[in-house]
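What follows is one structure encoded as structure tokens, with my remarks underneath.
All figures in this text were calculated on a predicted structure; none of them were measured in a lab. Letters go in sequence order (proteins before strands), and every chain restarts at 1.
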There are 2 protein chains.
Amino acid sequence: MFLQIEFESDIPIYQQIKNQIIRGIALGELKLGEDLPSVRQLASDIGINFHTVNKVYNQLKQEGWVVIHRKSGVMINPDLNVYNNKQYIESLDELLKFTTAEAYLRGVTKEKFIELIEENYNKYF
Amino acid sequence: MFLQIEFESDIPIYQQIKNQIIRGIALGELKLGEDLPSVRQLASDIGINFHTVNKVYNQLKQEGWVVIHRKSGVMINPDLNVYNNKQYIESLDELLKFTTAEAYLRGVTKEKFIELIEENYNKYF
DNA sequence: ATATCTGTTATATATTATATATAACAGATA
DNA sequence: TATCTGTTATATATAATATATAACAGATAT
């Protein structure tokens, strides 16, 4: 897979994997219905314990990103519909409060910030 | 102060305090040069241990948000200049990668996302 | 049938992050 | 002298993160 883990990061390994899988879906690098490696395979590839991957897959399942069939394995949810529940919007709103505040004080203009957003969104289709 | 801590949150208390102080500066609720409560006073107000507040103040000092004079106390840095070092831009960029990806997949359009950014930025002066 | 692959569960351990609890110190100030 | 600052030291508790072994049940290929 395309996963790139930074072991020295302050972001937990399981979170890095979740982030990159979700971004992989948005970028189209992971197609809906596509199989993911088995928990043991991915753990082996990355060089981590399989429980960590198992935790990732279960959380992704819980949030609707993947479906798990016992023994056919894990695949990106072919009927992906994780659309914005009010709870998600609230958490996004909360995150942007503090992210924009710090960015502003660090001299990142509104225009520059929006440019960063557009650069990202333009990669999603 | 205006701090509102959620003890059940998955965001650590010290991080919540940092977030709200930085946002307080951006909103103008905290003026440059303004005194902050002493570590013991703020801890008492919130109902937490003073070491937690001490940790916050030291990190804020480390990052340039406040200055600490032994015994005059802690104040918002009157010469605030935390402007964007390359390291910060990189971390912001990394954060936006995953934030925009999930937002996109959850049905938050680029226009809606930008609207959220503008709502926040318009509060800063 | 047997071996091998899946996810799953159980148990145990190690490390780090977060938060608290007490105590004491040194400098400044009233 | 008493009281306020930030600071430091030590100890403890809890939770989050990650690993290590082992075993189980269902599916599949040989």
Side-chain angles (χ1 to χ4, degrees), chain A residues 1 3-22 30 33-78 91 98, chain B residues 1 3-22 30 33-78 91 98:
Chain A
M1 271 185 81
L3 294 179
Q4 193 60 37
I5 304 300
E6 292 185 32
F7 292 96
E8 332 75 30
S9 171
D10 54 340
I11 302 173
I13 294 173
Y14 84 95
Q15 189 62 58
Q16 293 186 48
I17 299 175
K18 283 184 67 179
N19 285 343
Q20 293 184 35
I21 288 179
I22 292 172
L30 287 174
E34 179 172 342
D35 283 326
L36 291 179
S38 73
V39 289
R40 289 177 180 79
Q41 184 60 53
L42 183 52
S44 170
D45 288 350
I46 302 178
I48 60 176
N49 191 275
F50 79 85
H51 283 110
T52 304
V53 176
N54 196 245
K55 177 180 181 176
V56 170
Y57 282 176
N58 273 293
Q59 288 190 8
L60 289 174
K61 172 189 173 190
Q62 191 65 30
E63 298 168 16
W65 303 104
V66 304
V67 292
I68 304 179
H69 295 100
R70 184 159 199 139
K71 216 37 181 281
S72 65
V74 179
M75 67 165 63
I76 305 298
N77 192 341
S91 70
F98 306 119
Chain B
M1 270 185 84
L3 294 179
Q4 193 60 36
I5 304 302
E6 293 185 33
F7 292 95
E8 332 76 31
S9 172
D10 54 339
I11 302 174
I13 295 173
Y14 84 96
Q15 189 63 58
Q16 293 185 48
I17 300 175
K18 282 185 68 180
N19 285 343
Q20 293 184 36
I21 288 179
I22 292 173
L30 286 173
E34 180 173 341
D35 283 326
L36 291 179
S38 73
V39 288
R40 289 177 179 81
Q41 184 61 51
L42 183 52
S44 170
D45 288 351
I46 302 177
I48 60 176
N49 190 276
F50 79 84
H51 283 110
T52 304
V53 176
N54 195 243
K55 177 179 180 177
V56 170
Y57 282 177
N58 272 293
Q59 289 191 9
L60 289 175
K61 171 189 173 188
Q62 191 65 31
E63 297 168 15
W65 303 105
V66 303
V67 292
I68 304 179
H69 295 100
R70 187 158 197 139
K71 216 39 182 297
S72 63
V74 179
M75 66 164 64
I76 306 297
N77 193 341
S91 71
F98 306 118

Fill in: Inter-residue atom distance Ile11(A).CD1 - Ile5(A).CD1, 0.5 Å rounding
10.0 Å
Practice prompt. Identify the heavy atoms of Val56(B) and Tyr14(B) that sit nearest to each other, and give their distance.
Written response: CG2-O, 3.5 Å
Response to the item:
Of the candidates dG7(C), dT18(C), dA20(D), the side chain of Ile68(A) sits closest to dG7(C)
Item to complete: Rounded to the nearest angstrom, tell me the gap between atom OH in Tyr14(B) and atom P in dT20(C).
Response: 13 Å
Discussion item. Using Watson-Crick or G-U wobble geometry with both distances under 3.5 Å, which nucleotide pairs with dA30(C)?
Written reply: dT1(D)
Item to complete: Round to a whole Å and report the spacing from CG of Asp35(B) to P of dT29(C).
Response: 13 Å
Worksheet entry | Whole angstrom value for the distance that separates P of dG7(C) from CD of Gln59(A) | 16 Å
Response to the item:
Nearest-nucleotide check on DNA chain D, Tyr57(B) vs Ile11(A); residue mapping nearer the 5' end is Tyr57(B)
Discussion item. Rounding to an integer number of Å, can you tell me how far Phe50(A) CZ sits from dT17(D) C1'?
Written reply: 16 Å
Item to complete: Please state how far atom CZ in Phe7(B) lies from atom P in dT18(C), giving the value in whole angstrom units.
Response: 16 Å
Discussion item. Can you tell me how far apart CG (Leu3(A)) and CD1 (Ile13(A)) are? Round to the nearest 0.5 Å.
Written reply: 12.0 Å
Worksheet, complete the sentence: The residue, Pro12(A) or Pro37(B), whose nearest nucleotide of DNA chain D is more 5′ is Pro37(B)
Discussion item. I need the CG-P distance between Asn54(B) and dG6(D), as an integer number of Å.
Written reply: 8 Å
Worksheet item: Is there a Watson-Crick or G-U wobble partner for dT10(D) with both distances under 3.5 Å, and if so, which one is it?
Response: dA21(C)
Item to complete: Starting from C1' on dA17(C), measure out to NZ on Lys18(B) and report it in whole angstrom.
Response: 14 Å
Item to complete: Could you check which nucleotide pairs with dA16(D) in any of the strands shown, counting Watson-Crick or G-U wobble with both distances under 3.5 Å?
Response: dT15(C)
Worksheet entry | Minimum-distance nucleotide (side-chain atoms of Ser38(A) versus dT7(D), dT21(D), dG7(C)) | dG7(C)
Worksheet item: Does a nitrogen or oxygen in the side chain of Thr52(A) sit under 4.0 Å from OP1 or OP2 of dA18(D)?
Response: no
Worksheet item: OP1, OP2 of dA19(C) versus side-chain N and O of Lys55(B): anything below 4.0 Å?
Response: no
Practice prompt. Nearest whole angstrom, please: distance from the P of dA20(D) to the CD1 of Ile48(A).
Written response: 11 Å
Worksheet item: Is any N or O donor-acceptor pair between the side chain of Arg40(A) and the base of dT4(C) shorter than 3.5 Å?
Response: no
Item to complete: Assess whether one donor atom and one acceptor atom, taken from the side chain of His51(B) and the base of dA9(D), lie less than 3.5 Å apart.
Response: yes
Worksheet item: Taking it one step at a time, do Asn58(B) and Gln62(B) satisfy side-chain hydrogen bond (donor to acceptor under 3.5 Å, both in side chains)?
Response: CA-CA 6 Å; Asn58(B) 272 293; Gln62(B) 191 65 31; over 6 Å; no
Worksheet, complete the sentence: In Val66(B), Val67(B), Asp35(B), the residue satisfying side-chain contact (heavy atoms from CB on, under 4.5 Å) with Val74(B) is Val66(B)
Fill in: Counterpart base for dA3(C), defined by Watson-Crick or G-U wobble contacts under 3.5 Å
dT28(D)
Discussion item. How close do Ala43(B) and Phe50(B) get, counting heavy atoms only, and between which atoms?
Written reply: CB-CA, 3.5 Å
Worksheet item: Just to confirm, is there a sub-4.0 Å distance from OP1 or OP2 of dT7(D) to any side-chain nitrogen or oxygen of Asn58(B)?
Response: yes
